[in-house]
Amino acid sequence: MKKKRQSFDASFKLEVAKMVKEQGLSVAHVSKSMQVGPTAIRRWVEQYEAECNGNAGIGKPLTAEQQRIRQLEQENRQLKMDVDILKKASAFFARDLK
């Protein structure tokens with residue numbers, strides 16, 4: 001039987017990454033105490049470092065600031081698509097009026 005994959009929310013990942021970066025705890029220690037694999041913790045720490053440096057990082061954002069940026073980027077893409085559709089529709093109807 002397959003083992004169900006664990007999933008963690010962003011606040012838990014952020015807390016674990018801060019334990020390693022800000023409190024100076026080792027990945028192995030945090031891994032044992034939180035019962036999370038060390039590879040996952042290393043990825044979360046890498047993500048946290050990238051976000052602290054202002055980069056997007058890989059995966060779902062951990063910090064609230066990066067989550068907001070990701071949301072605004074998605075909204076911006078949607079609005080650009082809407083504008084494109086409206087431009088095409090207006091060109092189509094303008095052509096029919098001539």
Q.
If we count only N and O atoms by modelled type, under 3.5 Å, do the side chains of Gln67 and Arg70 hold a donor and an acceptor together?
A. no
* Should Val83 and Lys80 count as side-chain neighbours, where that means a heavy-atom distance under 4.5 Å? -> no
Residues joined to Val20 in its hydrophobic cluster, side chain to side chain under 4.5 Å directly or through other members, sorted by chain and number, are Phe8, Phe12, Val16, Met19, Leu25, Val27, Val30, Met34, Val36, Ile41, Trp44, Val45
dist Gln74:CD -> Gln71:CD (nearest 0.5 Å) comes out at 8.0 Å
When rounded to the nearest 0.5 Å, the distance separating CG of Leu79 from CG of Leu72 is 10.5 Å
Residues passing the salt bridge (charged side-chain N to carboxylate O under 4.0 Å, His left out) test with Lys21, sequence neighbours excluded, are Glu49
In short, side-chain hydrogen bond (donor to acceptor under 3.5 Å, both in side chains) pairs touching residues 81-93 with sequence neighbours left out are Gln78-Asp82
